[in-house]
Protein chains: 2
Amino acid sequence: MARIKTEKNISRKDVIVTKAAILFREKGFKAASMRDLAEAVGVEAASLYNHIKSKTELLHELCFNVANRFMHKIDEVEAEPISAIEKVDKLLRFHISEMIHHYEEVYVSDREWKHLADPYLSNFQNQRRIYRKRFAAIIENGIRQKEIKKIDAATAVLIMLHAISGIESWHRSTQKISAEALEDNMIAILVGGLTPQPPVKGI
Amino acid sequence: MARIKTEKNISRKDVIVTKAAILFREKGFKAASMRDLAEAVGVEAASLYNHIKSKTELLHELCFNVANRFMHKIDEVEAEPISAIEKVDKLLRFHISEMIHHYEEVYVSDREWKHLADPYLSNFQNQRRIYRKRFAAIIENGIRQKEIKKIDAATAVLIMLHAISGIESWHRSTQKISAEALEDNMIAILVGGLTPQPPVKGI
DNA sequence: AGTTGTTGCTAACACACGTTAGCTTGCTAT
DNA sequence: ATAGCAAGCTAACGTGTGTTAGCAACAACT
């Protein structure tokens with residue numbers, strides 16, 4: 001009999017959820033089967049159901065874990081008495097850090113949320129929309145304060161968020177540059193653009 | 001009997017491929033069934049096989065259509081006697097335009113290529129890698145010419161390509177801003193960054 | 001030692017999937 | 001008119017899916 005390994009404070013369910021994240025990222029939610037997951041966990045497929053209610057529950061778990069972390073962060077950042085550019089900087093660095101340290105979860109939440117079932121689906125989409133609105137509001141504030149140039153804030157948010165999800169390819173690749181170098185590069189490009197420019201005062 | 005509508009120069013197969021792109025985008029390749037596709041086309045599932053060899057063939061078709069268009073474009077742009085920044089600008093505008101005018105195809109090619117079968121899979125991944133290398137080379141050239149600031153070129157490419165794939169959300173949303181405005185905004189942000197800067201000579 | 005709850009197993013279900021076989025219908029050109 | 005091809009149909013196949021039922025082994029505590 002092959003019991004799931006369990007260290008302190010890590011429930012069997014957590015092990016399954018973690019393995020599910022890896023699998024869902026590799027193959028996609030639909031293509032990853034419960035039998036695949038069972039094999040990854042080291043158990044028969046039916047045994048999984050002693051710990052989880054359904055395959056979709058795994059997706060809920062993953063998606064809302066990620067969404068909640070981002071929501072808490074933007075709560076925190078919004079409340080700080082710093083400039084708009086600094087807020088953007090903090091959020092971007094948080095996104096990058098999440099992408100690096102919770103790669104599988106974030107990736108799955110980003111690409112597979114479509115397969116959520118409907119009470120959860122609408123909920124997730126709502127949270128996403130609200131998050132983007134709040135991020136855009138920060139940028140609009142920055143524009144009003146003339147810290148940020150006049151651009152469409154919503155577009156800027158989309159660009160930045162999707163740009164960061166591009167680290168996926170970096171992560172998978174041969175990790176030529178370090179995480180810190182990557183982070184600084186990304187911020188430099190996203191905030192500063194490609195073309196050279198003199199440093200702007202107050203940053 | 002429900003024949004597939006056919007206008008001049010549009011084969012039955014083309015109709016199927018087009019509908020497949022829409023379906024694969026909506027539900028994902030794995031989740032979209034041949035019976036779904038058949039219904040979208042207005043025909044029974046088995047009838048599709050008079051025109052196509054397999055479900056995967058549809059994915060091949062879509063992915064390589066897109067890949068080929070990008071390859072031809074970068075051939076063209078590389079050959080032009082213009083500055084690196086102008087080359088980047090042209091490529092970005094092409095990406096945006098492709099995303100807008102061949103939305104479904106580009107989206108599917110971007111997100112669902114993982115489900116290609118293996119002679120095609122490696123081929124596609126190769127083309128992708130080569131494309132990115134060539135794009136990065138343009139940027140590195142620009143850095144050497146001091147048109148572009150010192151950043152990691154590979155990271156810059158990933159950022160820009162993924163940023164553009166973010167238009168997906170714009171496309172789906174209420175189209176608040178026009179396509180041209182969107183394009184200019186994106187270029188402004190990606191090339192120029194968020195912070196205000198004086199215009200750089202020679203652009 | 002025995003009881004109890006947890007976690008595993010095997011077997012099986014009902015269903016959805018991609019695909020094939022074989023036949024029929026309709027269009028086009030002789 | 002009719003032959004021949006294009007394109008549709010129904011029926012069915014094998015396989016893989018998520019999930020359930022029922023039972024067996026283990027761990028912990030009395």
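Worth saying up front: this structure is predicted, and the values here are computed from it rather than measured. Order of the sequence lines sets the chain letters (A, B, ...), proteins ahead of strands, with each chain counted from 1.
- In this structure, Ala31(A) reaches neither bases nor backbone, as no heavy-atom distance under 4.0 Å exists between it and the strands shown.
- You'll find that the side chain of Ala46(A) is closest to dT20(D), out of dT20(D), dT7(C), dT19(D).
- Regarding Tyr49(B), its OH atom lies at a distance of 17 Å from the P atom of dA7(D), rounded to whole Å.
- With rounding to whole Å, Asn50(A) atom CG is found 11 Å from dT20(D) atom P.
- Rounding to whole angstrom units, CG of residue Leu37(A) and P of dT19(D) are separated by 11 Å.
- Among the protein residues, Ala38(A) comes within range of no part of the nucleic acid, since none of its heavy atoms lies under 4.0 Å from any strand.
- The distance between atom NZ of Lys55(A) and atom P of dT17(D), rounded to the nearest whole Å, is 8 Å.
- Distance Met34(A) CE to dT15(D) C1': 19 Å, rounded to the nearest Å.
- Salt bridge Glu98(B)/Arg69(B): present, at least one basic N to carboxylate O contact under 4.0 Å.
- Residue whose closest nucleotide on DNA chain C sits further toward the 5' end, between Arg35(A) and Ser47(A): Ser47(A).
- Checked against dG18(D), dG8(D), dG18(C), the side chain of Ser33(B) finds its nearest nucleotide in dG18(C).
- A side-chain donor-acceptor contact under 3.5 Å links Ser122(B) and Asp118(B).
- Remark: Arg134(A) engages Asp75(A) in a salt bridge, criterion side-chain N to carboxylate O under 4.0 Å.
- At least one donor-acceptor pair under 3.5 Å links the side chain of Glu57(B) to the backbone N or O of Lys53(B).
- Summarising the geometry, the separation between CG on Leu23(A) and C1' on dT17(D) is reported as 14 Å, rounded to the nearest angstrom.
- Atom-to-atom distance recorded for Arg128(A):CZ and Leu161(A):CG is 8.0 Å, nearest 0.5 angstrom.
- Distance CG (Leu48(B)) to P (dG8(D)): 9 Å, rounded to an integer number of Å.
- One atom, CD1 of Ile16(B), and another, P of dA7(D), lie 10 Å apart when rounded to the nearest Å.
- Proximity of His51(B) to the phosphate of dA6(D): no side-chain N or O atom is located under 4.0 Å from OP1 or OP2.
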